[in-house]
Number of protein chains: 2
Amino acid sequence: MLAEHRGFVPLNRDGLVDRVAKTLVDAILAGGIPPGERLAESTIAKQMDLSRAPVREALRLLESSGLVEYRTNRGFFVKVVSVASMSDLYDLRILLETAAIRRLTEINADVALPALRAQAAELHRLAGEGDDLMAHVSADMLFHRLICEHSGNQRFLQLFDQIANETKLGLLVIGRLYDDPHQMAGTHDPIVEAVALRDANRAAGAIDYHISVAKEMVTQHFHDQQEGKPE
Amino acid sequence: MLAEHRGFVPLNRDGLVDRVAKTLVDAILAGGIPPGERLAESTIAKQMDLSRAPVREALRLLESSGLVEYRTNRGFFVKVVSVASMSDLYDLRILLETAAIRRLTEINADVALPALRAQAAELHRLAGEGDDLMAHVSADMLFHRLICEHSGNQRFLQLFDQIANETKLGLLVIGRLYDDPHQMAGTHDPIVEAVALRDANRAAGAIDYHISVAKEMVTQHFHDQQEGKPE
DNA sequence: GATTTGTCGTTTGTCGACAATCTTCTTGAC
DNA sequence: GTCAAGAAGATTGTCGACAAACGACAAATC
């Protein structure tokens, strides 16, 4: 077998479309492309020095992850995030993640607990490290993803990944709102503790509270923003 | 190959992609294209008398609705449904629809109730009418969709629509299992009653039971099928 | 005889061009 | 000055062609 020739990781050859998609996602999440802005295929294609076909497919991908909106014969636009859409998103996350951590606690705590502990520790480590917001957000995302991953229901994880980018948008906002990164990191600990106690109800309550607080901050932020600049 | 599955009729020129997608969905749901089968772009394009571009986009759409799987440089394949994936799907549905009907009962019962009543009546009407399986399934789907639609959370509806086609696949199986269509229609009544009483817990319990029964039948069916013909 | 290597046909990946459609700007009437 | 109709420009929709990658089978090697 070729696998015996130690350490040859399959070359990441699945390519262009994914790369284009990633570039666009990064740009949107970084705020480089304002909400509502048109994403003209030919413009992007020209900038990236390729044809419209792969760009178009990348945009279709972004559409299914909710960052971009498509209108027939009119093209793609960066989706405008409203207070309502963020509120709905966080309600869905509460629904999903409380159910996920319930199942995790009941049927998979032994395997999941070390992973959760490690990731919680990583969050604290990052908090002490510095203030690379994107790193914090990615670590937080990974924590929540772990919960869905170990829920025993593949579709929970699939759904989480589907809303991951929009979630990230919320987290970026929250990150900016937290003065103390340690405080943010600390909010995960009660969840881990509840899982350690094999107390599903408590775990569900803890993550419900955790996400609800986040929801409050995010909706508040977008509410102010919408009020602030209605020109 | 595909030509044997179904004679595709040439299409009109408006909303081409959606039309192609719908044609393919119908073919897959009707069982005309077996799971695991390759969906070659050029073959489909030739049969529908158009170029590969719209076919490709249609397939990408189907991918996000879970009926089709894409592998880079290898193309699209009809997804094979396993017992596990169906079980996971129904667990997600239970989670989604119990939450949806809770919200509906609490904040939107007045508006939703007449719609639910009408759709339940329609189910009974169809049961008396004849045995057009597809019509029954569509009507049942619409009932469940109404619940998400009136939940007050747009994302609930969006998620429902996303898993609608796979759900339909399950319902088609169940439809064949129910001897008496009236029995199937009747299982919706307790849900409507609970909403009428404004009893959210009871409504949630009723739909939980309703979907759980369905889950049992579907997983049983796919289980037997997998055992029955393992070549 | 089994494993590797080379070749070929098929299918996907990307491209540039043209047609259909939407948007904007101009023009003209009131 | 306002509004409508239409022309001009820009953008998406679809197409056919070619390049790259894959899978299967034949040929070569040990």
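Please read all numbers here as calculations on a predicted model, not as lab measurements.
Not counting sequence neighbours, Glu216(B) has no partner by the salt bridge (Lys or Arg N to Asp or Glu O under 4.0 Å) test. Under the rule for a side-chain hydrogen bond (donor to acceptor under 3.5 Å, both in side chains), Ser138(A) has no partner lying at least two apart in sequence or in another chain. Every residue two or more places apart in sequence or in another chain that forms a side-chain hydrogen bond (donor to acceptor under 3.5 Å, both in side chains) with Arg125(A) is listed here: Glu122(A), Glu129(A). For the side-chain hydrogen bond (donor to acceptor under 3.5 Å, both in side chains) test, residues two or more places apart in sequence or in another chain that qualify with Arg103(B) are Asp91(A).
Going from atom CE of Met48(A) over to atom P of dC15(C) covers 12 Å, rounded to whole Å.
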Output a table of nitrogen or oxygen pairs between the protein and nucleotides 5-9 of chain C separated by less than 3.5 Å.
none

Could you run down the sub-3.5 Å N/O contacts of the protein with nucleotides 5-11 of chain D?
none

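Within the structure, side chain to side chain donor-acceptor pair (under 3.5 Å) contacts touching residues 106-116 of chain B (residues at least two apart or in different chains) are Asp110(B)-Arg198(B). Residues in residues 23-37 of chain A take part in these salt bridge (Lys or Arg N to Asp or Glu O under 4.0 Å) pairs, two or more places apart or across chains: Lys22(A)-Asp26(A).
Taking only side-chain nitrogens and oxygens, Arg56(A) comes nearer than 4.0 Å to OP1 or OP2 of dG13(D).
Side-chain atoms of Ser51(A) lie closest to dC15(C) of the nucleotides dC15(C), dC15(D), dC18(D).
Contact annotation for Tyr70(A): backbone-only contact, meaning every heavy-atom pair under 4.0 Å involves sugar-phosphate atoms and none involves a base.
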What side-chain donor-acceptor pairs closer than 3.5 Å can you find for residues 155-162 of chain B, not counting sequence neighbours?
from, atom 1, to, atom 2, distance (Å)
Arg155(B), NH1, Glu166(A), OE1, 2.9
Arg155(B), NH1, Glu166(A), OE2, 3.4
Arg155(B), NH2, Ser85(A), O, 3.4
Arg155(B), NH2, Glu166(A), OE2, 3.2
Asp161(B), OD1, Arg145(B), NE, 2.9
Asp161(B), OD2, Arg145(B), NH2, 3.0

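A heavy-atom distance below 4.5 Å is not found between the side chains of Val218(A) and Val83(A).
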